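Taking it in order: structure first as structure tokens, then the write-up.
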Number of protein chains: 2
Amino acid sequence: MLVRIDPDSPAPLHAQISAAVRRGIAVGEIAPGERLPGARDLAAALGVNLHTVLRGYQELRAEGLVELRRGRGAQVRTDAAPAVAALRQAVHALVGEARRLGLSATEVTEMVREAMA
Amino acid sequence: MLVRIDPDSPAPLHAQISAAVRRGIAVGEIAPGERLPGARDLAAALGVNLHTVLRGYQELRAEGLVELRRGRGAQVRTDAAPAVAALRQAVHALVGEARRLGLSATEVTEMVREAMA
DNA sequence: AACTTGTTCTAGTCTGCATAGAACAGTTAG
DNA sequence: CTAACTGTTCTATGCAGACTAGAACAAGTT
């Protein structure tokens, strides 16, 4: 599992970290049940603070993609199927673009509903 | 042309302003060639600083959506084609992925609705 | 029991956001 | 031409979030 970070990016480091893992799951680089690198290890590898990595991991947990337990580390949930992760990413991209355009939730969902019909 | 702002949103005010105008152009509320409200007026109407509005306007200029000139104000460029193309692309990608997974329209729209919240 | 790993807490620095006021330079209207 | 309007530029200040840092703690593994 490879996580790359761009310190010059306007995107927060923790967001970059969670995005990298998210993508890894979506593309299949990371298998369900697989353990992510320890927060302290990854932090050292990226030249970043422990708390920054932890925050990224906790974002993934909030999305239901990984489980975090002391002593065991971060583990990709078995029900976090790659396809689902891919879908989640597609939703993410759409929502991001919609936000950029300032569209409301109903406007976007209406577009999706039409496209699905 | 209506511009609404949420001071409690994590999104910067200048981004919210540019997004509102962007949306107006995308949806057709604002016609090409139309003049946007003066920065000082809009700032007063929104209870926001002049510089904040100006920054939003300048973002739109950087995207080639509007022209800014002293004395004349902000004008929507006639060739400001709806940037909705990117949005439609995102919708297309999402729908394709959702179909591949056999998800229903309501399931997908619900995911989008959640992600937009 | 020793070690690992996430959790929580406090605290400090730094950057971007937003505000504020002023002076300036094209543009338009009277 | 003059006056009013509008974006441009400059300096300065307060604030919140991001990131770092160090420490102590709790649950799990070996």
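It should be emphasised that the depicted structure is a prediction, and the values quoted were computed from it without experimental measurement. Just so it is clear: chains get the letters A, B, ... in the order the sequence lines come, proteins before strands, and each one is counted from 1.
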**Asked** Would you say the base of D/dG7 and the side-chain of B/Arg40 have a donor-acceptor pair closer than 3.5 Å?
**Response** yes
**Asked** How many Å lie between CZ on A/Arg72 and P on D/dG28, as a whole number?
**Response** 8 Å
**Asked** With respect to the side chain of B/Arg35, which nucleotide from D/dT6, D/dT8, C/dC17 is positioned closest?
**Response** D/dT6
**Request:** State plainly whether the residues B/Glu29 and B/Arg23 are in salt-bridge range, i.e. N to O under 4.0 Å.
**Result:** yes
**Fill in**
Between CG of B/Asp41 and C1' of D/dG7 the distance, given in whole Å, is 13 Å
**Request:** Scan A/Leu54 against the nucleic acid and name what it touches under 4.0 Å (heavy atoms): base, sugar-phosphate only, or nothing.
**Result:** base
**Request:** May I have the distance from B/Leu13 (atom CG) to C/dA18 (atom C1'), rounded to whole angstrom?
**Result:** 7 Å
**Prompt:** Does A/Arg69 pair with A/Glu67 as a salt bridge, N-O distance under 4.0 Å?
**Reply:** yes
**Request:** Could you check whether B/Leu50 gets within reach of a base, just the sugar-phosphate, or nothing at all, counting any heavy atom under 4.0 Å?
**Result:** nothing
**Asked** Would you say A/Gln75's side chain and A/Gly33's backbone share a donor-acceptor pair under 3.5 angstrom?
**Response** yes
**Asked** A/Leu42 has an atom CG; how far is it from atom C1' of C/dT5, in whole Å?
**Response** 14 Å
**Prompt:** Would you say A/Ile17 and A/Leu46 make side-chain contact, with heavy atoms under 4.5 Å?
**Reply:** yes
**Closest to side chain of A/Gln58, choosing from C/dT19, C/dT7, D/dT20** = C/dT7
**Prompt:** Hey, which of these two, A/Pro12 or B/Gly71, hits DNA chain D nearer its 5' end, going by closest nucleotide?
**Reply:** B/Gly71
**Prompt:** Counting side-chain heavy atoms from CB outward, which of D/dG28, D/dA18, C/dT19 is closest to A/His14?
**Reply:** D/dA18
**Item:** Whole-Å distance separating the CD atom of A/Gln75 from the P atom of C/dT5
**Value:** 13 Å
**Message:** So if I take every side-chain heavy atom of A/Leu68 and compare against C/dT7, C/dT19, D/dT8, which nucleotide ends up nearest?
**Reply:** C/dT7
**Request:** Rounded to the nearest angstrom, tell me the gap between atom CZ in A/Arg55 and atom P in D/dT20.
**Result:** 12 Å
**Options C/dA25, C/dT7, D/dT20, nucleotide nearest the side-chain atoms of A/Thr52** = D/dT20
**Asked** If you check every side-chain atom of A/His51, which of D/dA18, D/dA23, D/dG7 has the closest atom?
**Response** D/dA23
**Prompt:** Please give, in whole Å, the distance from D/dA18 P to A/Ile5 CD1?
**Reply:** 15 Å
**Message:** Between B/Arg35 (side chain only) and B/Arg72 (backbone N and O only), is there a donor and an acceptor less than 3.5 Å apart?
**Reply:** yes
**Request:** Check every atom of D/dT6, C/dG6, D/dT20 against the side chain of B/Arg70 and return the nucleotide holding the closest atom.
**Result:** D/dT6
**Asked** What integer distance in Å separates B/Asn49:CG from C/dA22:C1'?
**Response** 13 Å
